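Owing to the predicted nature of the structure, the values given are computational and were not obtained by experimental measurement.
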Amino acid sequence: VVSNTKKVTKIVRDLKKIPEFKNGNGKIRYKDYINNPKEDGYRGYHLIGKFFNSDGEKRNIEIQLRTRLQHDWATTLEIVDLFTGQALKSNQGKKDWKIFFKSVSEQFAVMESIHMFDALNDIDKKKKYYGELSKNFYSNDKAIIACLLAQDQAKKLDVVTRLEAYANSLKIIDSRLEEKFVDGYALLEVDTLNTTIHSTLFDVNKSSEAERSYSEAEKKATEQDGLVVALVSTTAVGGIKEAYPNYFADSTDFIRHLLLIIEAPIPRPKRNFLSALFGFR
């Protein structure tokens with residue numbers, strides 16, 4: 001994970017010189033998801049090479065290179081999958097969340113097109129990003145539509161409140177698991193209005209009890225505004241921490257850049273063409 005796309009390009013150029021990344025025909029196996037993002041909005045650069053393991057056997061190894069913003073996006077998508085039981089990472093999940101993540105990815109690409117964006121302070125980031133959107137208002141309808149879509153979906157899904165709740169929940173579970181690891185499940189009840197979190201741990205052999213408690217909590221959530229419930233695997237929490245330690249250390253990076261998008265002063269069309277375009281109700 002590096003600070004900007006320029007550094008990704010340099011590292012890719014250096015890695016491509018290594019013989020292990022070339023096949024028998026001298027060709028390099030790679031996937032450029034920065035210039036050609038995945039359908040869901042994922043961006044990054046993947047290189048596949050063959051390397052010997054400790055037993056002298058050749059194994060395919062894929063190295064994934066991402067900027068910090070691209071990594072924040074991927075981290076957040078995994079967190080939402082964990083808490084909502086979706087599979088957005090496999091391009092499966094609710095339409096609203098799919099549109100949100102794809103639109104945010106497109107806006108992050110706009111930000112990263114700005115020279116030295118990662119090195120700017122928050123005030124200058126805002127000025128440069130809004131200036132870029134203003135410049136694109138008539139020349140790049142796609143960027144403007146993506147911004148409006150991200151704004152609408154962030155509001156509809158209450159994304160900022162949810163992400164803050166998810167981050168705090170993960171930290172609480174993590175601290176409890178550090179005291180005594182439980183191989184099983186964690187039931188989370190997050191009151192986003194009163195900013196309280198209640199967690200219950202269940203051993204793996206008490207899955208029926210965990211499911212029953214989760215069903216009761218879900219019923220309660222339908223009757224109480226601002227209550228978010230989730231039943232997550234403690235192993236999955238450990239995996240998230242191992243793969244994305246930055247989320248536990250500082251979960252504000254994605255939210256901070258998302259707020260730039262949410263607060264962007266884009267003139268809204270007189271009629272809701274976004275609803276008509278995507279069939280929203």
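Residues Leu258 and Val104 are in side-chain contact: their nearest non-hydrogen atoms beyond the backbone lie under 4.5 Å apart. The shortest distance between side-chain heavy atoms of Thr75 and Asp253 does not fall below 4.5 Å. Using a 4.5 Å cut-off on side-chain heavy atoms (C-beta onward), Asp191 and Gln224 make contact. No side-chain heavy atom of Met111 sits under 4.5 Å from any side-chain heavy atom of Lys128. Residues Glu20 and Lys50 have side chains not in contact (no heavy-atom distance under 4.5 Å, counting atoms from C-beta outward). Looking only at side-chain heavy atoms (C-beta outward), Ile261 and Tyr129 come within less than 4.5 Å of each other. Val160 is listed as a side-chain neighbour of Ile262, based on a closest heavy-atom distance under 4.5 Å. Taking the side chain as every heavy atom from C-beta outward, Leu88 and Asp40 never approach each other to under 4.5 Å.
Atom CG in Asp183 sits 7.5 Å away from atom OG in Ser233 (nearest 0.5 Å). Rounded to the nearest 0.5 angstrom, Arg162 CZ and Thr76 OG1 are separated by 14.5 Å. Expressed to the nearest 0.5 Å, how far CG of Leu47 lies from CD1 of Ile61 amounts to 13.0 Å. From Leu65, atom CG reaches atom CG of Leu15 across 6.0 Å, with rounding to the nearest 0.5 Å. For the atom pair Ser105 OG and Gln70 CD, the distance stands at 8.0 Å (nearest 0.5 Å). Here CG of Asn4 is found 13.0 Å from CD1 of Ile114. Values are rounded to the nearest 0.5 Å.
Heavy atoms only, all atoms of each residue included: Leu187 and Ser213 are closest at CD2-CB, 3.8 Å. Taking every heavy atom of both residues into account, Asn53 and Asp55 meet most closely at OD1-N, 2.9 Å. Considering every non-hydrogen atom in both Leu231 and Tyr185, the closest pair reads CD1-CB, 3.9 Å. What you find for Ala146 and Glu106 is that their closest heavy atoms are CB-OE1, 3.0 Å. Here the shortest heavy-atom pairing between Ile79 and Tyr166 reads CG2-CB, 3.9 Å. Nearest heavy atom pair, residue Leu227 against residue Ala217, reads CD2-O, 4.5 Å.
Follow the hydrophobic side-chain contacts under 4.5 Å out from Leu77 and you never reach Val1; the two are in separate clusters. Under the 4.5 Å side-chain heavy-atom criterion for ILVMFWY residues, no single connected hydrophobic cluster contains both Val229 and Val80. In the hydrophobic cluster analysis, where Ile, Leu, Val, Met, Phe, Trp and Tyr join through side-chain heavy atoms closer than 4.5 angstrom, Ile63 is grouped together with Val2. Hydrophobic clustering, with ILVMFWY side chains joined whenever heavy atoms are under 4.5 angstrom apart, groups Ile255 together with Leu260. Both Ile34 and Ile28 belong to a single network of hydrophobic side chains, linked directly or stepwise wherever heavy atoms of I, L, V, M, F, W or Y lie under 4.5 Å apart.
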Before giving the answer on side chain to side chain contact (heavy atoms under 4.5 Å, CB included), spell out for Val159 and Trp97 the whole-Å C-alpha distance, their side-chain angles and the decisive distance to 0.1 Å.
CA-CA 9 Å; Val159 172; Trp97 280 108; 4.0 Å; yes
Applying side chain to side chain contact (heavy atoms under 4.5 Å, CB included) to Ile266 and Leu133, what does each step give before you reach the verdict?
CA-CA 8 Å; Ile266 303 295; Leu133 285 179; 3.9 Å; yes
When you look at Glu57 and Arg59, which way does the salt bridge (charged side-chain N to carboxylate O under 4.0 Å, His left out) test go after all the steps?
CA-CA 6 Å; Glu57 302 164 327; Arg59 291 287 182 264; 3.2 Å; yes
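Remark: the Ser103 side chain and the Gln153 side chain contain no N/O donor-acceptor pair separated by less than 3.5 Å. For the residue pair Gln151/Glu263, the side-chain donor-acceptor check at 3.5 Å is not satisfied. Between the side chains of Asn60 and Arg29, at least one donor-acceptor pair of N or O atoms lies under 3.5 Å. Under 3.5 Å, the side chains of Arg66 and Gln64 contain a donor-acceptor pair of N or O atoms.
No more than 12 heavy atoms of other residues, nucleotides or ligands sit less than 6.0 Å from atom OH of Tyr30. The environment of CD in Glu223 is crowded: more than 12 heavy-atom neighbours from other residues, nucleotides or ligands sit within 6.0 Å. Open room surrounds NZ on Lys219; 12 or fewer heavy atoms of other groups in view lie less than 6.0 Å from it.
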Under 3.5 Å, sequence neighbours excluded: what are the donor-acceptor pairs made by side chains of residues 5-12?
from  : atom 1 : to    : atom 2 : distance (Å)
Lys7  : NZ     : Ser3  : OG     : 3.3
Thr9  : OG1    : Thr5  : O      : 3.0
Lys10 : NZ     : Asp14 : OD2    : 3.1

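For the pair Lys38 and Tyr33, the distance from NZ or CZ to the six-membered ring centre is under 6.0 Å and the angle to the ring normal is within 45 degrees. Cation-pi geometry between Lys206 and Phe202 is not satisfied (NZ or CZ under 6.0 Å from the ring centre, within 45° of the ring normal). Cation-pi check for Lys58 over Phe51 is not met; the charged atom does not lie both under 6.0 angstrom from the ring centroid and within 45 degrees of its normal.
With respect to the salt-bridge test (charged N to carboxylate O, under 4.0 angstrom), the residues Glu209 and Arg212 do not qualify. Salt-bridge annotation for Lys156 and Asp96: present, with a side-chain N of the basic residue lying under 4.0 Å from a carboxylate O of the acidic one. A salt bridge links Asp122 and Arg256; the closest N-O separation between the charged side-chain nitrogens and carboxylate oxygens is under 4.0 Å.
Judged by distance alone, with hydrogens and angles left aside, the side-chain atoms of Ser134 form no donor-acceptor pair with the main-chain N or O of Gly131 at under 3.5 Å. Panel note: side chain Tyr42, backbone Lys89; no donor-acceptor pair is recorded below 3.5 Å. Using a distance-only test at 3.5 Å, with no hydrogens or angles considered, no donor-acceptor pair links the side chain of Asn25 to the main chain of Lys27.
Taking the six-membered ring where the residue is Trp, His257 and Phe117 present tilted rings, their angle falling between 30° and 60°.
Annotation: Trp73 is not in aromatic contact with Phe108 [ring centroid separation under 6.0 Å not met].
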